[in-house]
Amino acid sequence: MHGIHDLGGMHGFGRVEVEADEPVFHAAFERRVLGMAYQVVGFGWITIDAFRHGIERIPPVDYLTLGYYGRWRAALERLLIERGVLASDEVDARVASRTSAPPAAAPAPPAAIAPGFERDLARPARFAGGDRVRARVTSSPGHTRLPRYVAGRVGTVVVAGPAYVFPDANAHGRGEDPQHLYTVRFDGRELWGDAAEPATSVHVDLFEPYLEPVP
């Protein structure tokens, strides 16, 4: 889906500020949010793709102002409510009570940690290294790992990799639907025109359904 999260190639946000001696966490709650994400995603209550889609659905103003772990917290809260793990007013009530009483017991997590994402796929890869491909132009309302700034652009396959869980399906409970993944090189002029910095290129990992052949 297109949204404020898809910032690649967008202008008007100023320079990227690099913080000297940046700490791992800027606030105490951030380490707790990281721990919750490991528990919720790692044990399979929510897939990593559904988690990313939860972040993408944060309203633009909140997305830009909550900060990195603030967005994680907002997405976790929303997704756990949608799945019935939390009641819609439970978090607010807990905050308002400001007590040290333990929260209600949560459902038991699955027994196993979620596996990795590479999968076997009998179907051979459609493209090979050196093939010219075009990234499709899509307007799906769901989750995708296709960056907007490469949509419709032509690049060259550099690496034809193995198959991985397809985020566009896995984020919405439609199964893993493994797809071959490619590293595609895009010339800077193809992405940004003649004003692009000379000799600039970008490599983007793209799933097979995102690509079409270029004669």
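Keep in mind that the numbers below use all heavy atoms, side chains included, and drop hydrogens, waters and symmetry copies.
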Hey, what do you get for [atom1] ([X]) to [atom2] ([Y]), rounding to the nearest 0.5 Å?
X	Y	atom1	atom2	result
Leu80	Met36	CG	CE	8.5 Å
Ile55	Arg73	CD1	CZ	11.5 Å
Ile46	His53	CD1	NE2	12.5 Å
Phe166	Arg174	CZ	CZ	8.5 Å
Tyr182	Arg126	OH	CZ	8.5 Å
Arg119	Tyr164	CZ	OH	10.5 Å

Worked check of side-chain contact (heavy atoms from CB on, under 4.5 Å) between Asp49 and Val165: CA-CA 10 Å; Asp49 302 307; Val165 174; 4.3 Å; yes

Mind listing the closest non-hydrogen atom pair of [X] and [Y] along with its distance?
X	Y	answer
Arg71	Ile58	O-CD1, 3.6 Å
His180	Pro124	NE2-C, 3.5 Å
Gly54	Ala75	C-CB, 3.8 Å
Asp168	Arg145	OD1-N, 3.9 Å
Ala135	Leu146	CB-CD1, 4.1 Å

Is the number of heavy atoms from other residues, nucleotides or ligands under 6.0 Å of [X] [atom1] greater than 12?
X	atom1	answer
Phe29	CZ	yes
Glu197	CD	no
Arg189	CZ	no

Side-chain donor-acceptor contact under 3.5 Å, Ser201 with Asp187: no

Sub-3.5 Å donor-acceptor pair from the side chain of [X] to the main-chain atoms of [Y], do we have one?
X	Y	result
Glu190	Val154	yes
His143	Ala50	no
Asp131	Ala128	yes
Arg148	Gly8	no

Does some side-chain heavy atom of [Y] sit less than 4.5 Å from a side-chain heavy atom of [X]?
X	Y	result
Glu19	Glu17	no
Phe117	Leu181	no
Pro59	Ile4	no
Leu79	Val40	no
Asn170	Asp177	no
Tyr210	Thr144	yes
Leu34	Trp72	yes

Hydrophobic clustering (ILVMFWY, side-chain heavy atoms < 4.5 Å, transitive) - are [Y] and [X] grouped together?
X	Y	answer
Val184	Leu191	yes
Val91	Phe51	yes
Tyr69	Leu64	yes
Trp192	Met10	yes
Val150	Leu7	yes

Which residues share a ring pair (Phe, Tyr, Trp, His ring centres under 6.0 Å) with Tyr63, sequence neighbours left out: none

Worked check of side-chain contact (heavy atoms from CB on, under 4.5 Å) between Val204 and Tyr149: CA-CA 11 Å; Val204 184; Tyr149 74 95; 3.9 Å; yes

Short N-O contact, Arg78 and Glu82, less than 4.0 angstrom: yes

Evaluation steps, side-chain contact (heavy atoms from CB on, under 4.5 Å), between Val33 and Phe25: CA-CA 11 Å; Val33 170; Phe25 302 105; over 6 Å; no

